[in-house]
> 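Before anything else, here's the structure in question.
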Number of protein chains: 2
Amino acid sequence: MSTVSEVSEQDWELWRDYFRGGRELVAALDKRLQGDAGISHPEYLLMLSLWEAAEHSLRTGELAEELSWEKSRVSHQVARMEARGLVERRECETDARGVWVVLTADGSRLLLRATRDHTDAIRAWFFDLMSDDEKRVLGAVAQRMRENLGTVCASVPLRRRRSQATPPKVCA
Amino acid sequence: MSTVSEVSEQDWELWRDYFRGGRELVAALDKRLQGDAGISHPEYLLMLSLWEAAEHSLRTGELAEELSWEKSRVSHQVARMEARGLVERRECETDARGVWVVLTADGSRLLLRATRDHTDAIRAWFFDLMSDDEKRVLGAVAQRMRENLGTVCASVPLRRRRSQATPPKVCA
DNA sequence: AAGATTTAGTTGACGTGTCACGCTAACACA
DNA sequence: TGTGTTAGCGTGACACGTCAACTAAATCTT
């Protein structure tokens with residue numbers, strides 16, 4: 001067991017392509033969002049979560065759970081976005097520790113402007129490249145990976161807690 | 001064409017799992033490296049490239065090409081790693097603009113210490129989760145993705161320019 | 001050989017992401 | 001009622017990563 005060469009050259013090739021492919025795809029999506037709407041991918045994701053929530057607002061912790069981010073990360077990101085006017089922080093009436101993060105009108109506008117192109121990009125650079133069979137395989141493997149890693153937070157996130165009358169059904 | 005809902009719920013599920021799975025896997029690998037050898041994944045990758053090169057040294061630009069990183073990124077990373085004593089910068093005799101980046105003894109030690117566990121982790125969290133058929137599919141899709149995105153630098157990197165007497169054959 | 005251009009590499013500013021720590025409010029319970 | 005614990009969030013430091021601007025050496029041009 002476990003001479004390094006146990007992993008075949010082919011396998012390393014696969015790993016390389018998987019690893020770099022992921023990075024390159026996300027980088028490309030990010031660049032596209034920047035160009036189209038002037039927002040980053042993390043900003044898009046955060047605003048999307050808010051958009052999909054009741055009143056376009058969520059508590060910091062809910063946001064973290066929704067995005068599978070650390071709360072600290074959410075805090076930093078919200079701070080930057082608040083400075084840009086994309087979201088607002090509001091005190092929580094029922095829990096003085098709590099904070100509501102609310103999508104602003106500007107935020108909504110940008111989100112909606114971005115969504116179409118972003119979705120098209122994901123389709124063109126991801127979905128359209130695969131047959132249905134390949135999608136099944138990829139999905140199965142990805143799920144398996146997450147479950148396997150999935151000690152703590154990884155197993156949870158099968159979207160629940162939705163609301164709103166059919167907002168743009170997008171994930172990325 | 002291109003109502004957002006063109007993308008099925010299943011497809012979004014796939015995208016989510018693929019997207020987060022990748023992030024989580026890399027995060028897990030990084031954490032493992034930190035714990036085992038006290039180095040980050042980028043540090044590991046950079047040192048591995050050096051290790052595999054003649055004299056354990058490469059020019060900044062070669063390093064960038066090898067890793068598919070921007071030169072600026074290499075520069076920053078090397079600066080941090082030089083401060084930690086993992087690599088050294090050395091003037092280039094034949095081209096006064098050039099810089100050789102050389103793996104130090106400390107760097108080598110850490111790299112070697114890290115390699116075994118890192119490889120095991122990749123095997124356990126990636127390779128072992130897939131059948132050979134699934135590997136083929138994943139590899140094909142990843143390659144297709146990179147080629148599709150692959151305007152500029154994406155098409156190049158099929159490892160060339162190897163040297164050295166069989167160093168740890170690892171990629172990640 | 002003078003001047004323009006290209007190439008190698010660095011730097012600073014800034015967004016992203018994690019970790020360790022700290023703070024206050026809510027809560028449990030003696 | 002006080003006291004210890006936990007939950008919700010923020011902050012500062014630092015690593016990662018990109019972009020635009022920069023320096024200086026090499027190279028090309030005429």
Side-chain angles (χ1 to χ4, degrees), chain A residues 19-20 22-24 26-35 38-47 58-84 86-101 152-153, chain B residues 20 22-24 26-35 38-47 57-84 86-101 152-153:
Chain A
F19 178 70
R20 298 199 178 175
R23 275 184 125 29
E24 287 162 10
V26 172
L29 288 173
D30 200 299
K31 210 164 296 187
R32 172 104 172 211
L33 275 171
Q34 284 293 355
I39 57 179
S40 68
H41 195 221
E43 283 169 340
Y44 180 84
L45 293 173
L46 197 153
M47 290 197 289
L58 285 175
R59 295 282 295 272
T60 304
E62 297 175 312
L63 214 34
E65 199 194 336
E66 193 67 28
L67 293 161
S68 306
W69 289 2
E70 297 192 3
K71 279 189 293 183
S72 149
R73 177 177 175 187
V74 172
S75 186
H76 282 302
Q77 190 68 46
V78 167
R80 285 188 296 263
M81 294 174 69
E82 191 172 27
R84 293 188 52 188
L86 301 176
V87 300
E88 276 178 20
R89 280 193 242 236
R90 220 166 278 175
E91 287 180 4
C92 176
E93 312 264 315
T94 64
D95 185 337
R97 297 167 301 181
V99 171
W100 286 103
V101 182
V152 201
C153 56
Chain B
R20 298 200 177 175
R23 275 184 124 34
E24 288 162 11
V26 172
L29 288 174
D30 202 299
K31 209 164 295 187
R32 171 104 172 212
L33 275 171
Q34 284 293 354
I39 58 179
S40 68
H41 196 221
E43 284 168 339
Y44 181 84
L45 293 172
L46 197 153
M47 289 196 291
S57 52
L58 285 173
R59 295 282 296 270
T60 303
E62 297 175 309
L63 214 33
E65 200 195 335
E66 193 68 26
L67 293 162
S68 304
W69 288 3
E70 297 192 4
K71 276 189 297 179
S72 149
R73 177 177 174 188
V74 173
S75 187
H76 282 302
Q77 189 66 47
V78 166
R80 285 188 296 263
M81 293 173 70
E82 191 172 27
R84 294 188 49 190
L86 301 177
V87 301
E88 276 177 21
R89 280 193 244 237
R90 220 166 279 176
E91 288 180 3
C92 175
E93 312 263 314
T94 65
D95 185 338
R97 298 168 300 180
V99 172
W100 286 103
V101 182
V152 200
C153 57

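Chain letters run A, B, ... following the sequence lines, proteins first and then strands; every chain starts at 1.
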> Shoot me the first and last contacting nucleotide of DNA chain C against chain B, ordered 5' to 3', at under 4.0 angstrom to non-hydrogen atoms.
C:dT7 to C:dC19
> Would you tabulate the side-chain donor-acceptor contacts of residues 71-84 of chain A under 3.5 Å, counting partners in other chains and residues two or more places apart, or write 'none'?
| unit_1 | atom_1 | unit_2 | atom_2 | d |
| --- | --- | --- | --- | --- |
| A:Gln77 | OE1 | A:Arg80 | NH2 | 2.7 |
| A:Glu82 | OE1 | A:Arg89 | NE | 3.1 |
| A:Glu82 | OE2 | A:Arg89 | N | 3.1 |
| A:Arg84 | NH1 | A:Glu43 | OE1 | 3.0 |
| A:Arg84 | NH1 | A:Glu43 | OE2 | 2.8 |
| A:Arg84 | NH2 | A:Gly38 | O | 3.1 |

> Excluding sequence neighbours, so at least two apart, what forms side chain to side chain donor-acceptor pair (under 3.5 Å) with B:Asp95?
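Expected list: B:Arg97.
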> DNA chain D: B:Arg97 or B:Ser40, which has the more 5' nearest nucleotide?
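On the 5' side of the pair lies B:Ser40.
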> Just how far is it from atom CZ of A:Phe19 to atom CG of B:Leu45, taken to the nearest 0.5 Å?
5.5 Å
> Pairing donors with acceptors under 3.5 angstrom, does anything connect the side chains of A:Arg20 and B:Ser68?
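Per modelled atom types, A:Arg20 and B:Ser68 side chains form a pair under 3.5 Å.
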> Can you name the residues that form a side chain to side chain donor-acceptor pair (under 3.5 Å) with A:Arg59, not counting sequence neighbours?
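Here no residue qualifies.
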> Kindly give the heavy-atom pair with the smallest separation between A:Asp30 and A:Ser40, and that separation in Å.
OD1-CA, 4.0 Å
> When rounded to the nearest 0.5 angstrom, what is the spacing between CZ in B:Arg90 and CD in B:Glu88?
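Here the rounded value is 5.0 Å.
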> Specify the residue among A:Glu43 and A:Glu70 whose closest nucleotide of DNA chain C lies further upstream toward the 5′ end.
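Going by which nucleotide is closer to the 5' end, it is A:Glu43.
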> Walk me through whether B:Glu93 and B:Trp100 qualify under side chain to side chain contact (heavy atoms under 4.5 Å, CB included).
CA-CA 10 Å; B:Glu93 312 263 314; B:Trp100 286 103; 5.9 Å; no
> Walking along DNA chain D from 5' to 3', note the first and the last nucleotide with an atom under 4.0 Å from a heavy atom of chain A, and give both.
D:dA7 to D:dC19
> Assign A:Thr60 to base, sugar-phosphate, or nothing according to its heavy-atom contacts below 4.0 angstrom with the strands shown.
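A:Thr60: backbone/sugar contact only, no base atoms under 4.0 Å.
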> By the 4.0 Å heavy-atom rule, please label A:Arg89 as base, sugar-phosphate, or nothing.
sugar-phosphate
> Report the residue (A:Lys31 or B:Gln34) whose heavy-atom-nearest nucleotide on DNA chain D is the more 5′ of the two.
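Going by which nucleotide is closer to the 5' end, it is B:Gln34.
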> By side chain to side chain donor-acceptor pair (under 3.5 Å), which residues pair with A:Glu70, not counting sequence neighbours?
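With sequence neighbours excluded, A:Glu70 shows a side chain to side chain donor-acceptor pair (under 3.5 Å) to no residue whatsoever.
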> Could you pull out all residues at least two apart from B:Arg23 that satisfy side chain to side chain donor-acceptor pair (under 3.5 Å)?
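So B:Arg23 forms no side chain to side chain donor-acceptor pair (under 3.5 Å) with any residue.
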> Determine whether A:Leu46 and A:Trp69 satisfy the following criterion, side chain to side chain contact (heavy atoms under 4.5 Å, CB included), listing intermediate values before the conclusion.
CA-CA 10 Å; A:Leu46 197 153; A:Trp69 289 2; 3.9 Å; yes
> In residues 73-81 of chain A, what residues come within less than 4.0 Å of DNA chain C, judged by heavy atoms?
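Only A:Arg73, A:His76, A:Gln77, A:Arg80 qualify.
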